[in-house]
Amino acid sequence: MEEGGSAGSGGSDSSTSGSGGAQQRELERMAEVLVTGEQLRLRLHEEKVIKDRRHHLKTYPNCFVAKELIDWLIEHKEASDRETAIKLMQKLADRGIIHHVCDEHKEFKDVKLFYRFRKDDGTFPLDNEVKAFMRGQRLFEKLMSPENTLLQPREEEGVKYERTFMASEFLDWLVQEGEATTRKEAEQLCHRLMEHGIIQHVSNKHPFVDSNLLYQFRMNFRRRRRLMELLNEKSPSSQETHDSPFCLRKQSHDNRKSTSFMSVSPSKEIKIVSAVRRSSMSSCGSSGYFSSSPTLSSSPPVLCNPKSVLKRPVTSEELLTPGAPYARKTFTIVGDAVGWGFVVRGSKPCHIQAVDPSGPAAAAGMKVCQFVVSVNGLNVLHVDYRTVSNLILTGPRTIVMEVMEELEC
């Protein structure tokens, strides 16, 4: 994807400069904190860290103990030490996402105090920014459902953009879905979403207009966030992509042009896969894949296109040939706050290109060079890696994958 992050001299979007730019960056930071906080809240409920607790004969529902949470964050590698864990939780407290159950302590402390997510006690402040964010998140989830085809790769002015929607079609959809009663009301909603940084014109050159112009959501609400991202105060520099937001953890938080990821081969040898910036999405073809990014803006994504780990091309027919030297294996992988920890690549069949050695997939036994047979019971031998990625992204957190592995790899 070519550079489209700033409006040209004739552009009408003022959010890319001056106070408008600062406001936009603040909205983006707020949105990231809200998503990160909500993902953490759901994990803590799932693992029973959040529960009803008693103190001095009084019950405090849906709360957690600060000291215990810090232990949990370190144990789950969400923080390297207690000081860092305190800083992370203070970020959520400063944004009004968590608070002391009696509001007697504004600072998050490493002691046996009860804290609670405001969303669990109905005290979360629903200002205009939060309302716009929650509305945008709900629309995004509906658009990402498997039966919805509104978000598609499209071209505008000779540049191809991923996951776009046409303004006029989006307005039709909003009315059809009951999100707005009239087309005018739908258009007003889009103006609010754009004002609060939820959607944008693909190249930031136009405000929202009922037309054939293309627009995108500025962020992927479904990407699994790492809590450490809250400490990154730098301005976002690359747009998220849907091709592999669930794949590999970053080994460095440096936002330079090169970012490293780790993968594991069947021989346990550690390899470094370097991500390099490309000027056009068309250069990736069907064999490339994208690195996940913790940031959101309108700059181009980082395109990873390392050499395939396969020694030779393999067809689906070869895998299914009776007596072929391949063994079937089934993995149940539960995604964590970052994702599932692997990269798929290729087409008909797809294969495992990289596995995060500390991720859920590696723990389940997944290795590179394995061929993907099915995802949650759906046969994927005859589709490409994009389809497999979308199946995983739009499905449940727990995925069941069947693979085939060469007996003498």
Side-chain angles (χ1 to χ4, degrees), residues 46 144-147 222-224 241-249 261-269 271 273 286-292 304 306-409:
E46 184 176 322
M144 286 294 289
S145 63
E147 63 272 10
R222 289 187 171 187
R223 180 179 66 80
R224 267 65 173 182
T241 168
H242 64 292
D243 288 302
S244 61
F246 56 88
C247 298
L248 297 180
R249 292 165 172 79
F261 298 86
M262 297 182 71
S263 63
V264 178
S265 68
S267 64
K268 304 297 182 183
E269 174 187 1
K271 299 181 179 180
V273 182
S286 63
S287 61
Y289 66 88
F290 294 88
S291 67
S292 62
C304 299
K307 183 179 179 180
S308 173
V309 295
L310 297 180
K311 296 178 181 178
R312 61 179 181 83
V314 175
T315 65
S316 300
E317 289 71 23
E318 180 180 343
L319 291 176
L320 298 175
T321 300
Y326 296 95
R328 289 185 181 243
K329 295 185 177 181
T330 301
F331 304 124
T332 299
I333 307 171
V334 181
D336 61 15
V338 180
W340 291 269
F342 65 94
V343 173
V344 289
R345 187 179 175 188
S347 177
K348 303 178 183 180
C350 300
H351 65 271
I352 304 302
Q353 171 71 13
V355 179
D356 177 359
S358 62
M366 181 175 283
K367 300 176 183 178
V368 299
C369 295
Q370 292 171 336
F371 297 96
V372 184
V373 177
S374 68
V375 176
N376 294 330
L378 183 64
N379 189 294
V380 294
L381 277 174
H382 301 287
V383 301
D384 63 11
Y385 75 100
R386 292 180 185 272
T387 303
V388 173
S389 299
N390 281 327
L391 279 174
I392 296 172
L393 278 174
T394 57
R397 182 177 176 183
T398 299
I399 58 173
V400 178
M401 291 186 63
E402 185 181 12
V403 302
M404 295 187 76
E405 179 180 306
E406 192 169 5
L407 293 177
E408 297 178 0
C409 188

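These numbers come from a predicted model, not from an experiment.
Residues Pro360 and Ile333 form a side-chain contact, since some pair of their non-hydrogen atoms from C-beta on lies under 4.5 Å apart. Between Gln370 and Phe342 there is no side-chain heavy-atom pair separated by less than 4.5 Å.
Proximity of a side-chain donor or acceptor of His351 to a complementary backbone N or O of Val368 within less than 3.5 Å is not detected.
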Passes side chain to side chain contact (heavy atoms under 4.5 Å, CB included), Glu406 versus Phe371? Steps please. CA-CA 9 Å; Glu406 192 169 5; Phe371 297 96; 5.7 Å; no

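Applying the salt bridge (Lys or Arg N to Asp or Glu O under 4.0 Å) test to pairs two or more places apart or on separate chains, those with a residue in residues 326-335 are Arg328-Glu402, Lys329-Glu405.
In terms of heavy atoms, Ala362 sits closest to Asp356 at CB-O, 3.2 Å. Closest of all the heavy-atom pairs between Ile392 and Met401 is CD1-SD, 4.4 Å. Here the closest heavy-atom approach between residue Gly341 and residue Ala361 is recorded as O-CB, 3.9 Å. Here the shortest heavy-atom pairing between Val388 and Val383 reads CG2-CG2, 3.9 Å.
To the nearest 0.5 Å, the span separating SG on Cys369 from CG on Leu310 amounts to 5.5 Å.
Each of Val344, Val372, Val380 was checked for a side chain to side chain contact (heavy atoms under 4.5 Å, CB included) with Leu391, and the lone residue meeting it is Val380.
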N/O donor-acceptor pairs under 3.5 Å from side chains in residues 315-323, not counting sequence neighbours:
unit_1	atom_1	unit_2	atom_2	d
Thr315	OG1	Glu318	N	3.1
Ser316	OG	Lys348	O	3.4
Ser316	OG	Leu381	O	2.8
Glu318	OE1	Arg312	NH1	3.4
Glu318	OE2	Arg312	NH1	3.2
Glu318	OE2	Arg312	NH2	2.6
Glu318	OE2	Tyr326	OH	3.2
Thr321	OG1	Glu317	O	2.8

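For the side-chain hydrogen bond (donor to acceptor under 3.5 Å, both in side chains) test, residues two or more places apart in sequence or in another chain that qualify with Thr387 are Asp384.
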